[in-house]
There are 2 protein chains.
Amino acid sequence: MAPSRPLRPATQSDVAREVGVSRTLVSFAFRGAPGVSGETKEAIFEAAKRLGYRPNAVAADLARKHRSAVGLYLMDIRNEVYADILSGVRLALPQDGNRLILSVSRSVDGVDRGALESLIEARAGIIIAATLLDPDESVQELAQIVPLVSVTRPVPGVDSVYSDDIAGARAATEHLLGLGHKRIAHLAGPVYDGHTARRRSYEKTMHDAGLKPQTLAADDFTQEAGQRATTLLLKQSGRPTAIFTHNDQLALGAREAAYALGLSIPQDLSIVGYDNSRIAGLHGIDLTTVNLHAASLGQAAGAIALERLKNPEGPIADESLRPELVIRNSTAPPPAQT
Amino acid sequence: MAPSRPLRPATQSDVAREVGVSRTLVSFAFRGAPGVSGETKEAIFEAAKRLGYRPNAVAADLARKHRSAVGLYLMDIRNEVYADILSGVRLALPQDGNRLILSVSRSVDGVDRGALESLIEARAGIIIAATLLDPDESVQELAQIVPLVSVTRPVPGVDSVYSDDIAGARAATEHLLGLGHKRIAHLAGPVYDGHTARRRSYEKTMHDAGLKPQTLAADDFTQEAGQRATTLLLKQSGRPTAIFTHNDQLALGAREAAYALGLSIPQDLSIVGYDNSRIAGLHGIDLTTVNLHAASLGQAAGAIALERLKNPEGPIADESLRPELVIRNSTAPPPAQT
DNA sequence: GTGAAAGCGCTAACAC
DNA sequence: GTGTTAGCGCTTTCAC
């Protein structure tokens, strides 16, 4: 049989009745508000404990009118970058101030409107969103309904923190160029508004070097999608000697595809990822990649959210962090005879 | 300047006033309850859209008295096993029924009571917890306050779904034994109640083979902790020829430690992990490990939670799944001369 | 130092 | 079909 449980969880009123005071006192005691004598306070805590009373944060928020909860939307829980962002956000939030409501998209690819809606319906006072795939207009529209901080992607008119993707992609491409590669392909993610900076920067860098860019789009941001797309790419004639991918997950997929075809990395094929997720640094993976400092992005986003909560009319934040190329062992000069 | 935003989000009353009906109708319309004429319904939706009205799920839950939200506690967001569990839980929950409230522990090691409390305070009707490190009594106590489903670990008197760790650890150890290893060490996690099955099973299997077990405990469940502990272990004289770790994260750390000391895997050292996380299957990692079918665990937990919500007095669930050894390339016979 | 009363946005009988 | 009413558990003036 199930463990015996009080049929109805204890409420403030129960505690008040038990102690013989009014609900107000109980409320005050639990929020550490002044105006409760030490004795009463102790009696209240004692009774609360005996009754198993837990404050109802949800009812409190409702009564308080002003929504203090911070909603955090994460696009892909399997991508450790988002765990880093979460850590960063937490660092920025006061220990015991704002509740953090988490929401994880269920489809990595595509736009999970439901996950965002759930944050709104849970009455988050502000939403930190990493990463939004929706077109700019949709994001701006959403920001009308609830204050929004866009992480990882700049949206005009909306608080944003992001990494300088133009610089990151240029560094990655130039690294490959510098090694002597000419046929460098770019494996992009699905095409979404606000997510074309890396691709555009790659293409521009190639053009500037007098080379023809070759971009292909994976149908998702996952390892599996990267593997599918790369397999197709490598089976074509005149395959590239290097691939620069939109993120590490895609790069991981590209590796698998290459190995499955019997190619060696970096001897036959160089690969550069993006994110510098922890996996990239593992022995046996050794992926050259671009560090976008996800934890710092998260921390900055948290600070911006707090500021916005305090000052709804303040100026719009637009912070851009400098990424940094991390050279490991997945890149080398192109094979001699090609 | 910040985008213009309505000072106060629209409520049901606002919509009702706008249309010229009572709040009840609006409530009914939004929940698809019968008793609203098609015409009225349309007028309501139209007005709601114009006013930017969003239902307040929190207030609804409060009014509804019965808590339908499912709380999911995840111990380590960086361990992909927990992402698998999340996916499984989602599969089990009805698309539009129960809200899912997520909570991630901030310290991997140790017990993050706060993360659990936040679920209670957010008024989850039931909590699915993966993985609880607290002693049995604490868990049972918690289960008095709110229905609980323990994932990954059996707790007497509490709904539990878990993998058969005894069998899994035995299979892992026997695999190593079968390859001819004699000096097999076990890298356990920090010692917590309810988390000793893998270790005990390893020790028993060693004893049964007439061998002396050598267990060491990492100070956390992370890769970093695994690396620290293994570095110490390998620097001792008479180092083991194989290590079986409590989870894949620790195994990843063990690999790094071995490589840093110039050892080869599996030539100099065999390693067996536990979890079969996605990383384990990557080319270049190729970790032999035990599949605990995390997604299935999550799905089963979700189903149990639903059942418990429906029938608070039903019999206590105790489901155990069969794990399965996945042999890859991190294990081989021990080096010849030792 | 303590309490009464109103109200947060919503649901759920129960009338009309 | 539609509206009225009484809460859900809590916070918050404002009086005592």
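Lettering follows sequence order; numbering is per chain, from 1.
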Response to the item:
Taking C/dG3, C/dG1, D/dG1 as options, the one with an atom nearest any side-chain atom of A/S37 is C/dG1

Fill in: Residues forming a side chain to side chain donor-acceptor pair (under 3.5 Å) with B/Q12, sequence neighbours excluded
none

[N] [atom2] sits how many Å from [X] [atom1], rounded?
X     : N     : atom1 : atom2 : result
A/R17 : C/dG3 : CZ    : C1'   : 16 Å
B/L25 : D/dT2 : CG    : C1'   : 5 Å
B/K41 : D/dG1 : NZ    : C1'   : 12 Å
B/L62 : C/dG7 : CG    : P     : 17 Å
A/L51 : D/dG9 : CG    : C1'   : 15 Å
A/D14 : D/dC8 : CG    : P     : 11 Å

Response to the item:
Double-helix bend of the helix from C/dG1-D/dC16 to C/dC16-D/dG1, axes at both ends from 5 pairs, round to 10°, gives 30°

Item to complete: Could you tell me whether A/V58 contacts a base, only the sugar-phosphate backbone, or nothing, with contacts defined as non-hydrogen atoms closer than 4.0 Å?
Response: nothing

Worksheet item: Residues in ring pair (Phe, Tyr, Trp, His ring centres under 6.0 Å) with B/F28, at least two apart?
Response: none

Worksheet item: Taking only residues two or more places apart in sequence or in another chain, which ones pass side-chain contact (heavy atoms from CB on, under 4.5 Å) with A/A48?
Response: A/V15, A/F30, A/Y53

Worksheet item: Are a donor atom and an acceptor atom from the side chains of B/R23 and B/S27 found within less than 3.5 Å of each other?
Response: no

Practice prompt. Hey, could you give me each pair passing ring-ring contact (aromatic ring centres under 6.0 Å, His included) that has a residue in residues 123-147 of chain A? Not counting sequence neighbours.
Written response: none

Show me the donor-acceptor pairs within less than 3.5 Å that the side chains of residues 122-137 of chain A make with the rest of the protein, sequence neighbours left out.
unit_1, atom_1, unit_2, atom_2, d
A/R123, NH2, B/R54, O, 3.4
A/T131, OG1, A/Y82, OH, 2.5
A/D136, OD1, A/R153, NH2, 2.6

Worksheet item: Okay, side chain of A/D61, backbone of A/V58: is any donor-acceptor separation there less than 3.5 Å?
Response: no

Worksheet, complete the sentence: With B for base contact, S for sugar-phosphate-only contact and - for none (protein heavy atoms under 4.0 Å), nucleotides 10-16 of chain C reads BBBB---

Item to complete: Report the residues that fulfil salt bridge (charged side-chain N to carboxylate O under 4.0 Å, His left out) with A/E46, sequence neighbours left out, ordered by chain and then residue number.
Response: A/R50

Please tabulate, for the side chains in residues 314-321 of chain A, all donor-acceptor contacts under 3.5 angstrom to protein atoms that are two or more places apart in sequence or on a different chain.
unit_1, atom_1, unit_2, atom_2, d
A/D318, OD1, A/Y162, OH, 3.0
A/D318, OD2, A/Y162, OH, 3.3

